[in-house]
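In what follows, a single structure is set out as structure tokens and then discussed.
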Amino acid sequence: MTIMDKVMRVLFFAAFIVDVALGLICVFFAQEVQIILNVGREEEPAFIRVLGLFPIFVGYLYYLIFCDQRKYLVLIQVTVLERLSYPILLSAEIFYLLPGPFSLIHLVFSAMALITLFLALMQVYYLIQLNQKVILSG
Amino acid sequence: MFALRVILLEAALVDFVLGMFLFSAASQIQNWLDIGRTDEPFFIRIIGGFLVFISYLYYLAYQYHEKQPILIQATLMLRFIFIPLLFCEVFILLPGPFSIVHISLLIPALGEVYFAAMQIYHLKRLGKPLIPLGG
């Protein structure tokens with residue numbers, strides 16, 4: 001196992017923990033998330049809960065990668081696209097779609113976009129080092 | 001094998017269309033379902049974005065169903081995560097009476113059950129474990 005393998009293994013584990021934690025917070029504390037981020041006043045914030053399921057799933061993918069990153073190389077390739085597309089969506093939200101002024105939700109999205117972009121670039125670098133395709137196109 | 005590929009392609013198409021619809025018509029959906037009441041329904045848009053990603057996973061599973069069964073198994077895990085929460089929302093968490101919001105979650109929940117059942121059937125036929133737990 002090279003140093004790069006070890007570094008990526010730590011990153012994959014961190015991604016697994018962060019994604020699962022984020023997902024569980026959205027699923028089990030949807031009301032609180034709604035209040036803190038000031039996004040509506042729904043009696044039951046179903047869409048925030050549903051949104052929380054996706055990071056849990058992505059966290060599961062990272063868990064599999066963490067278990068055996070060489071065996072599940074295809075999952076690294078799959079998650080690269082997800083990681084690369086989210087900073088774009090989040091940037092669109094921050095700079096165009098979310099109404100001003102700059103608030104907590106802008107800050108949360110900015111932090112998420114930067115962390116996601118960092119992980120995506122690390123995955124791209126890792127795949128290039130392994131002489132693998134960065135994005136699978138079928 | 002042909003039937004499995006049809007199911008995977010069907011799932012890819014359904015998720016892609018639904019994802020793009022949620023992504024691009026988020027404000028209209030918010031008004032139509034009368035939920036959220038925010039200026040920017042980003043949560044609906046992000047769900048749409050994730051669904052497009054899931055459709056990409058299904059597309060790859062369709063392309064690499066023999067070489068990479070992990071993709072089919074991973075998407076099955078996604079269905080297992082979704083089914084309990086969607087049914088909980090519809091029958092327990094969402095306040096009554098039964099409305100368009102309930103229906104808009106019940107239909108995807110039934111779709112999830114259909115796709116999960118189909119994937120389980122085909123994975124069993126292939127002799128693959130349903131959920132890989134790593135290790």
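We name chains A, B, ... by the order of the sequence lines, and we start the count at 1 in each one. Since the structure is predicted, the reported quantities are computational estimates derived from the model, not experimental observations.
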query: For the residue pair B:F50 and B:F53, does the interplanar ring angle fall in the parallel (under 30°), tilted (30 to 60°) or perpendicular (over 60°) class?
result: perpendicular
field: CG (A:L104) with more than 12 external heavy atoms under 6.0 Å
entry: yes
query: Is chain A contacted by the side chain of B:L57, its backbone, both, or neither, given a heavy-atom distance below 4.5 Å?
result: side chain
- request: Go through the atoms of B:L85 and report whether side chain, backbone, both or neither lie under 4.5 Å from a heavy atom of chain A.
  value: side chain
query: For the candidates A:S85, A:P45, A:A46, which exhibits the highest count of non-hydrogen atom pairs separated by less than 4.5 Å from chain B?
result: A:A46
- prompt: Considering only heavy atoms, which portion of A:E82 lies under 4.5 Å from any heavy atom of chain B: side chain, backbone, both, or neither?
  reply: both
- request: Side chain from CB out, backbone as N, CA, C, O: work out which of these in B:F23 comes under 4.5 Å of a heavy atom of chain A, or both, or neither.
  value: side chain
- request: Specify which of A:I48, A:V74, A:L64 makes the most heavy-atom pairs with chain B at under 4.5 Å.
  value: A:V74
task: Give a yes or no on whether A:F29 atom CZ has more than 12 heavy-atom contacts from other residues, nucleotides or ligands under 6.0 Å away.
output: no
field: Interface moiety of A:L89 toward chain B, non-hydrogen atoms closer than 4.5 Å
entry: side chain
message: We want to know whether A:Y125 and A:Q129 form a side-chain donor-acceptor pair, criterion being a heavy-atom distance below 3.5 angstrom.
response: yes
query: What part of B:F80 lies closer than 4.5 angstrom to a heavy atom of chain A: side chain, backbone, both or neither?
result: neither
- prompt: Is the A:F12 ring parallel, tilted or perpendicular to the A:Y126 ring (thresholds 30°, 60°)?
  reply: perpendicular
message: Are there over 12 heavy-atom neighbours, none belonging to A:Y96, within less than 6.0 Å of that residue's OH?
response: no
field: Side chain / backbone / both / neither for A:Y60 at chain B, heavy atoms under 4.5 Å
entry: side chain
message: Please verify the inter-ring angle class for A:F66 with A:F13; under 30° counts as parallel, over 60° as perpendicular, anything in between as tilted.
response: tilted
- prompt: Under a 4.5 Å heavy-atom cut-off, does chain A meet the side chain of B:I70, its backbone, both or neither?
  reply: side chain
query: Which bit of A:I65 is near chain B, if near means a heavy-atom gap under 4.5 Å: side chain, backbone, both or neither?
result: neither
- prompt: Of the backbone (N, CA, C, O) and the side chain (C-beta and beyond), which part of A:L98 lies under 4.5 Å from a heavy atom of chain B, both, or neither?
  reply: both
- prompt: Which is it for B:Y59 and B:F16 under the ring pair (Phe, Tyr, Trp, His ring centres under 6.0 Å) test, yes or no, and what are the steps along the way?
  reply: CA-CA 10 Å; B:Y59 172 70; B:F16 183 76; over 10 Å; no
